[in-house]
> 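Pasting in a structure now, in structure tokens, and then I'll have a few things to ask.
For this chain, numbers begin at 1 and follow the sequence in order.
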Amino acid sequence: QVRLVESGGGLVQAGGSLRLSCAASGSIFSINSMGWYRQAPGKQRELVTTITSGGSTNYADSVKGRFTISRDNAKNTVYLQMNALKPEDTAVYYCNAKILTHRSSPTYNYWGQGTQVTVSS
């Protein structure tokens with residue numbers, strides 16, 4: 001059984017910074033990619049950023065230049081450094097990972113419980 005546990009959310013003033021962490025644990029053969037999604041009140045969950053096991057990254061236009069994703073493959077952990085935060089960034093942030101639990105098994109999508117990020121003006 002795979003679990004993703006996020007940490008690092010909180011309340012910050014506009015222009016401030018936060019660093020989120022997400023650690024995957026359990027039965028893991030390999031992780032194809034990890035990333036972050038967010039869901040603001042009344043809105044659909046949206047992609048923020050992803051990173052592959054090889055280090056390729058992708059960012060939503062709204063966070064480019066402000067957010068940086070990184071990972072430690074040995075620790076099955078992904079990080080999200082968020083700088084120059086805006087009130088529009090307020091959302092629950094969810095860690096996501098595409099994980100194979102066994103060799104040649106299908107890749108399944110796993111989600112963390114979410115961590116609240118609130119940016120005040």
> For the residue pair Trp111 and Tyr94, categorise the inter-ring angle as parallel (less than 30°), tilted (30 to 60°) or perpendicular (more than 60°).
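The rings of Trp111 and Tyr94 stand perpendicular, inter-plane angle above 60°.
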> Side chains of Val117 and Leu20: does their closest heavy-atom pair fall under 4.5 Å?
yes
> So which heavy atom on Ser121 is nearest to which on Ala14, and how close?
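Answer, listing the atom of Ser121 first, then Ala14: CA-CB, 4.3 Å.
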> Under a 3.5 Å distance rule, please check whether Arg71 uses its side chain to pair with a backbone N or O of Ser53 as donor and acceptor.
yes
> State plainly whether one hydrophobic cluster holds both Leu47 and Met34, where clusters connect Ile, Leu, Val, Met, Phe, Trp and Tyr through side-chain heavy atoms under 4.5 angstrom apart.
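Per the 4.5 Å side-chain linkage, Leu47 and Met34 are not co-clustered.
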> May I ask whether Ile28 and Tyr110 are part of the same hydrophobic cluster, defined by side-chain heavy atoms of I, L, V, M, F, W, Y residues being less than 4.5 angstrom apart, directly or through others?
yes
> Linking I/L/V/M/F/W/Y whenever any side-chain heavy atoms sit under 4.5 Å apart, do Ile31 and Tyr108 land together?
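Shared cluster, yes.
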> When you compare the side chain of Met82 with that of Val119, does any pair of heavy atoms fall below 4.5 Å?
no
> State whether the side chain of Glu6 and the backbone N or O of Gly114 hold a donor-acceptor pair below 3.5 Å, judged by distance alone.
yes
> Between Val2 and Leu100, is there shared hydrophobic-cluster membership here, with clusters defined by ILVMFWY side-chain heavy atoms closer than 4.5 Å?
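No.
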> Evaluate the criterion side chain to side chain contact (heavy atoms under 4.5 Å, CB included) for residue pair Arg38 and Thr90; output intermediate values, then yes/no.
CA-CA 9 Å; Arg38 67 186 182 187; Thr90 295; over 6 Å; no
> Starting from Ile69, can I reach Tyr37 by hopping between I/L/V/M/F/W/Y residues whose side chains sit under 4.5 Å apart?
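Different clusters: Tyr37 never reaches Ile69 through Ile, Leu, Val, Met, Phe, Trp or Tyr contacts under 4.5 Å.
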> Going by the side-chain contact (heavy atoms from CB on, under 4.5 Å) test, name the single residue among Leu85, Leu80, Val48 that passes it with Val63.
Val48
> Please determine if Lys64 and Asp61 form a salt bridge, counting it only when a charged side-chain N lies under 4.0 Å from a carboxylate O.
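So Lys64 pairs with Asp61 through a salt bridge.
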> Looking at Gln113 and Val5, would you say the former's side chain and the latter's main chain have a donor-acceptor pair under 3.5 Å?
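Checking the backbone N and O of Val5 against the side chain of Gln113, no donor-acceptor pair under 3.5 Å is found.
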> Could you tell me the separation between the CD atom of Gln81 and the OG atom of Ser21, rounded to the nearest 0.5 Å?
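With rounding to 0.5 Å, CD (Gln81) is 9.5 Å from OG (Ser21).
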> How long is the span from the OG atom in Ser25 to the CD atom in Gln1, to the nearest 0.5 Å?
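Ser25 OG to Gln1 CD: 9.5 Å, rounded to 0.5 Å.
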> Measure from the side-chain N and O atoms of Thr49 to the backbone N and O of Asn58, and report whether any donor-acceptor pair falls under 3.5 Å.
yes
> Quick check for you: to the nearest 0.5 Å, what is the distance between Thr52 atom OG1 and Asn32 atom CG?
7.5 Å
> Could you pull out the closest heavy-atom pair between Ala91 and Gln39, with the gap in Å?
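Smallest heavy-atom distance, with atoms named: CB-O, 3.4 Å.
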> Quick one: CG on Asp89 to OG on Ser62, what's the gap to the nearest 0.5 Å?
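The distance works out to 7.0 Å.
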> Please step through side chain to side chain contact (heavy atoms under 4.5 Å, CB included) for the pair Asn109 and Asn96, ending with a clear verdict.
CA-CA 7 Å; Asn109 223 29; Asn96 170 264; 3.0 Å; yes
> Could you tell me whether the side chain of Tyr79 reaches within less than 4.5 Å of the side chain of Thr68, counting heavy atoms only?
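In short, these two side chains do not touch, never coming nearer than 4.5 Å.
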